[in-house]
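Accompanying notes for the structure given below.
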There are 2 protein chains.
Amino acid sequence: MTSQAFEAHDHRSCIAEGVASAVQICAERNLQLTKARQRVLEILLSEHRAMGAYEILEVLRAEGLGSQPPVAYRALEFLTKHGFAHRIERLNAFIACTHVDNAHAPVFLICRACERVVEAEADPAQGEIDRAARQAGFVVERAVREAEGLCPACASGA
Amino acid sequence: MTSQAFEAHDHRSCIAEGVASAVQICAERNLQLTKARQRVLEILLSEHRAMGAYEILEVLRAEGLGSQPPVAYRALEFLTKHGFAHRIERLNAFIACTHVDNAHAPVFLICRACERVVEAEADPAQGEIDRAARQAGFVVERAVREAEGLCPACASGA
DNA sequence: GGCTGTATGATATAACATATCAACCCCAAT
DNA sequence: ATTGGGGTTGATATGTTATATCATACAGCC
Ligand SMILES: [Zn+2]
Ligand SMILES: [Zn+2]
Ligand SMILES: [Zn+2]
Ligand SMILES: [Zn+2]
């Protein structure tokens, strides 16, 4: 699972590994990966694209796992709180994390044409956000790093 | 108008200069800074904090400048499109630009305690977002750089 | 049994944003 | 002076995202 999901890859292993790693981490940390939570993670893992809470909710509803907004939002809160998913602020939507183990300073690259979203890793210490914060004496608790544009394939007209 | 609005300053000049500079630029570029547009800019300039469209709309409504959501959103679209205001994605809200003339790669520092928002300038070429994009062959059209945390005053318990 | 903490269910509402069509106004070309 | 286009505004409706609140279920513990 590299950061380059813009490229072709064995996507079934993305899902399998993502779920397996969440199962293991939850066991280690005594977190309850309940049915709905796991299913939402699978739904997110199924596409390299950000999904809205209501889009996820539709799937849950079809499967009898819940039909009201809080069902989706609660699962998403759990997943984002524990690092299994991220919120994409630009899209008001969510995506599965593809760097579950590592320390996290993700940069999201959002293709406006094919909607794919890739999570890359940044070194925050070398970043423009931390630099600006340091200079202002600002204590960063959370940073949003998102770029919208065209992925290599869409940019080249492929 | 430095980037350090976390510090005390003559705030009346923030408003006066912000409006004056917008008036001038609109004249130069043949943009129509209509009554509603200018008033929304003034409203945004009146606080170093991001305001939601509906919060702005309340003010417009009280002043008889319009009462329906599109009124606020249209003015905000004009202001953001031409660089007089920015959208803060993290907050789904808007703030007046404090660097109107310069080239723009703003970093926003959002204090979760006092709600103040400061716009700092980044050098995108030295940034983590551009670096990640270059590495992935991604063409950036728009970047979101926002940090949430505590401003110097709130961090020190002042 | 009763207590506690966590997770779910269920209802309602808040908050944010856009689509659409009609009306108006300015200005310029015929 | 009329006509037509572009940009702006008015007005209504609707779509989308998110949270508040209260009730219920269930498991682990004493
Ligand atoms: Zn994949
Ligand atoms: Zn991640
Ligand atoms: Zn000021
Ligand atoms: Zn503060």
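Computed from a predicted model, the values in this text were never measured in an experiment. In what follows, every chain begins at residue 1, and chains take the letters A, B, ... in the order their sequences are listed.
Comparing atom distances between the B/Gln32 side chain and each of C/dC16, D/dT12, D/dG7 picks out D/dG7 as nearest. In this structure, of C/dA7, C/dT20, D/dA18, it is C/dT20 that holds the atom nearest to the side chain of B/Arg74.
Within 4.0 Å of A/Ser67, counting heavy atoms only, lies no atom of the nucleic acid at all.
If you take CE of A/Met51 and P of D/dT16, they are 15 Å apart, rounded to a whole angstrom. Here D/dA13 presents its C1' atom at 10 Å from CD of B/Gln68, a figure rounded to the nearest Å. For A/Leu65 and C/dA10, the CG to C1' distance is 16 Å, given to the nearest whole Å. Atom CD in A/Gln38 sits about 12 Å away from atom P in C/dT8, given to the nearest Å. The separation between A/Glu77 atom CD and C/dT6 atom P is 13 Å, rounded to whole Å.
Counted by atom type alone, B/Glu77 and B/His82 present zero donor-acceptor pairs between their side chains at under 3.5 Å.
At C/dA17, one or more side-chain N or O atoms of B/Arg87 fall inside 4.0 Å of OP1 or OP2 (strictly under the cut-off).
Remark: ring of A/Tyr54 stacked against base of D/dT17; centroid gap under 5.5 Å, plane tilt under 30°.
The aromatic rings of A/Phe94 and A/Tyr73 stand perpendicular to each other, their planes meeting at an angle above 60°, with 30° marking the opposite boundary.
Between A/Pro70 and B/Pro70, the one whose closest nucleotide on DNA chain D sits nearer the 5' end is B/Pro70.
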